[in-house]
S.K.: 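Sharing a structure here in structure tokens format.
Counting from 1, the numbers follow the sequence of the chain as shown. The figures here come from the full heavy-atom set of this structure, side chains too, leaving out hydrogens, waters and symmetry mates.
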Amino acid sequence: MLRRRAGPRAAAGRAARRSEEEEEGSAAIMPNIKIFSGSSHQDLSQKIADRLGLELGKVVTKKFSNQETCVEIGESVRGEDVYIVQSGCGEINDNLMELLIMINACKIASASRVTAVIPCFPYARQDKKDKSRAPISAKLVANMLSVAGADHIITMDLHASQIQGFFDIPVDNLYAEPAVLKWIKENIAEWKNCTIVSPDAGGAKRVTSIADRLNVDFALIHKERKKANEVDRMVLVGDVKDRVAILVDDMADTCGTICHAADKLVSAGATKVYAILTHGIFSGPAISRINNACFEAVVVTNTIPQEDKMKQCPKIQVIDISMILAEAIRRTHNGESVSYLFSHVPL
């Protein structure tokens, strides 16, 4: 069947429509997308929205006098691709419940797809039965998110990558590693003469990957715990004498491990000690421990808000990862591959 060629008038009409769409700005580039922020990390959500050239969606979260969470989505989401940004920090249980309610509210308001963007996944450390009658709470959280109606999860540096398998929906586990490599090269002058150190055997894979990409040596600290959050003794495997030691881990909570590790590295002859962590939880005595420890700097990403902690501890520095999450959202929305972000930082 022959198709009639469009005349000049039709072509001019198309060109006019195209220019009108371009004038509408980013809304025309990314139609049918809405980004909502939970109350856990408004600053990160705003940075993601700014990066994408979008406004954050209207949402009101409040608590009734009996402490029940109430969420009101303030605009239509029918047929939209919805992204809800909520990190597992602060009042973790309240924030998780708020996320579940927001997902469900969008789902039953006929959103075409609901993606939960969870920079720091809650309960990620409870991922296996390490003793009798222990719960696998990470699996329970995965089930709750699925039942609430999430169609897709975007998270960062899961404590155990097997958590992706707890879900039957797609999970994109992004890495802070490219941003960490960039920070090391820009801020540590003598990075070519450094050793990347893992404070425990579990992080060996992460550390070897960074060491390979920087073409430097790595070391390992083996620790023995008597009970949770308390380290008994440590053994250093590898050489750090007369070198800069960079401790790399996925999260630091009470900071007992990394502060012990820093002392161990200094006593083994390291000239300077840095710590680079994806999720800086810093609960309990963490801040006073860091202030008293021999770190040059403790570098964390902003998956968790750090403004208050930085005021209390001048050693804490922050790497902004909002552009990685924003680019993941853009690629997911446009149906593009996300694997580019595993080895590159978006410009």
S.K.: Donor-acceptor pair, Ser209 side chain versus Lys205 backbone, under 3.5 Å?
M.R.: no
S.K.: Whether the side chain of Arg213 engages the backbone of Ser343 through a donor-acceptor N/O pair (distance < 3.5 Å, no angle test) should be reported.
M.R.: yes
S.K.: Looking at Asp130, I want to see if its CG is surrounded by more than 12 non-hydrogen atoms of other residues, nucleotides or ligands under 6.0 Å.
M.R.: yes
S.K.: Roughly how far, to the nearest 0.5 Å, is the CD atom of Glu327 from the OG1 atom of Thr332?
M.R.: 9.5 Å
S.K.: Using modelled atom types only, decide if a donor and an acceptor are shared between the side chain of Thr195 and the backbone of Val240 within a distance under 3.5 Å.
M.R.: no
S.K.: Please tell me whether Val85 and Ile92 are part of a single hydrophobic cluster in this structure, the criterion being side-chain heavy atoms less than 4.5 Å apart.
M.R.: no
S.K.: Does Trp191 reach the side chain of Ile246, with side-chain heavy atoms less than 4.5 Å apart?
M.R.: no
S.K.: Is the shortest heavy-atom distance from the side chain of Asn193 to the side chain of Val244 under 4.5 Å?
M.R.: no
S.K.: Could you check whether any side-chain N or O of Thr301 sits under 3.5 Å from a backbone N or O of Thr278, counting only pairs where one atom can act as donor and the other as acceptor?
M.R.: yes
S.K.: Return the OG1 to NZ distance between Thr69 and Lys62, rounded to the nearest 0.5 Å.
M.R.: 11.5 Å
S.K.: Is any NZ, NE, NH1 or NH2 atom of the basic residue among Asp81 and Arg113 found under 4.0 Å from an Asp or Glu carboxylate oxygen of the other?
M.R.: yes
S.K.: So, taking the atom named CD1 in Ile287 and the one named OG1 in Thr254, what distance separates them when rounded to the nearest 0.5 Å?
M.R.: 11.5 Å
S.K.: How many angstroms lie between atom CZ of Phe295 and atom CG of Leu265, to the nearest 0.5 angstrom?
M.R.: 8.5 Å
S.K.: Can you name the one residue among Ile276, Asp217, Asp212, Ile210 that meets side-chain contact (heavy atoms from CB on, under 4.5 Å) with Ile196?
M.R.: Ile210
S.K.: Would you find a donor on one side and an acceptor on the other, under 3.5 Å apart, between the side chain of Lys139 and the backbone of Phe166?
M.R.: yes
S.K.: Looking only at non-hydrogen atoms, find the nearest pair between Ser110 and Arg78 and report the distance.
M.R.: OG-NH1, 3.2 Å
S.K.: When you compare the side chains of His41 and Asn302, does any donor N or O come within less than 3.5 Å of an acceptor on the partner?
M.R.: no
S.K.: Do Arg330 and Glu336 meet the salt-bridge criterion of a basic N to acidic O distance under 4.0 Å?
M.R.: yes
S.K.: Indicate yes or no: does Lys272 engage Glu190 in a salt bridge with an N to O separation below 4.0 Å.
M.R.: yes
S.K.: Could you check whether any side-chain N or O of His333 sits under 3.5 Å from a backbone N or O of Pro31, counting only pairs where one atom can act as donor and the other as acceptor?
M.R.: yes
S.K.: Clusters formed by hydrophobic residues whose side-chain heavy atoms approach within less than 4.5 Å: which one holds Val237, and what are its other members?
M.R.: Leu220
S.K.: According to salt bridge (charged side-chain N to carboxylate O under 4.0 Å, His left out), who are the partners of Lys34, at least two apart in sequence or on a separate chain?
M.R.: Glu75, Glu80
S.K.: Considering non-hydrogen atoms only, spot the tightest contact between Ile221 and Ala261 and give its length.
M.R.: CD1-CB, 3.5 Å
S.K.: Examine Ile73 and Ile33 and state if one hydrophobic cluster contains both, with Ile, Leu, Val, Met, Phe, Trp and Tyr joined whenever side-chain heavy atoms are less than 4.5 Å apart.
M.R.: no
S.K.: Provide the closest heavy-atom pair for Ala179 versus Val345 in the form atom of the first, atom of the second, distance.
M.R.: N-CG2, 3.5 Å
S.K.: Kindly compute the distance separating CD1 (Ile154) from OH (Tyr83), expressed to the nearest 0.5 Å.
M.R.: 6.0 Å
S.K.: Would you check if the side chain of Asp200 reaches a backbone N or O of Gly203 as a donor-acceptor pair within less than 3.5 Å?
M.R.: yes
S.K.: Let me check something: do Phe121 and Val117 share a hydrophobic cluster, defined by ILVMFWY side-chain heavy atoms less than 4.5 Å apart, either directly or through other members?
M.R.: no
S.K.: So how far is it from Met97 CE to Ile101 CD1, rounded to the nearest 0.5 Å?
M.R.: 4.5 Å
S.K.: Look only at the side chain of Asp127 and the backbone of Ala160, and say whether a donor-acceptor pair between them is shorter than 3.5 Å.
M.R.: no
S.K.: Judged by atom type as modelled, is there a donor-acceptor pair below 3.5 Å linking the side chain of Gln306 to the main-chain atoms of Gly280?
M.R.: yes
S.K.: Could you check whether any side-chain heavy atom of Met323 comes within less than 4.5 Å of a side-chain heavy atom of Ile48, counting everything from C-beta outward?
M.R.: no
S.K.: Determine whether the side chains of Ser37 and Gln46 contain a donor N or O and an acceptor N or O closer than 3.5 Å.
M.R.: no
S.K.: Go through it in stages, so that I can follow the logic: the residues are Glu296 and Lys315, the test is salt bridge (charged side-chain N to carboxylate O under 4.0 Å, His left out), and I'd like the CA-CA distance, side-chain angles, deciding distance and then a yes or no.
M.R.: CA-CA 7 Å; Glu296 291 290 314; Lys315 291 181 185 175; over 6 Å; no
S.K.: With the side chain counted from C-beta on, respond yes when Cys120 and Ser87 share a heavy-atom pair under 4.5 Å apart, and no when they do not.
M.R.: yes
S.K.: What verdict does the side chain to side chain donor-acceptor pair (under 3.5 Å) test give for Asn93 and Tyr123, after you've listed the backbone C-alpha separation in whole Å, the side-chain angles of each residue and the deciding distance to 0.1 Å?
M.R.: CA-CA 10 Å; Asn93 297 327; Tyr123 291 95; 2.4 Å; yes
S.K.: Taking side chain as C-beta onward, heavy atoms only, is Val318 less than 4.5 Å from Met310?
M.R.: yes
S.K.: For Asn173 and Thr155, which I'm curious about, is there any donor-acceptor pair between the side chains at under 3.5 Å?
M.R.: no
S.K.: Starting from Met251, walk the hydrophobic network (Ile, Leu, Val, Met, Phe, Trp, Tyr; side-chain heavy atoms closer than 4.5 Å) and list everyone else you reach, by chain and number.
M.R.: Ile281, Ile304
S.K.: Is the closest side-chain heavy-atom distance between Ile258 and Leu277 below 4.5 Å?
M.R.: yes
S.K.: If we ignore hydrogens and angles and just use 3.5 Å, is the side chain of Asp151 paired with the main-chain N or O of Ile169 as donor and acceptor?
M.R.: no
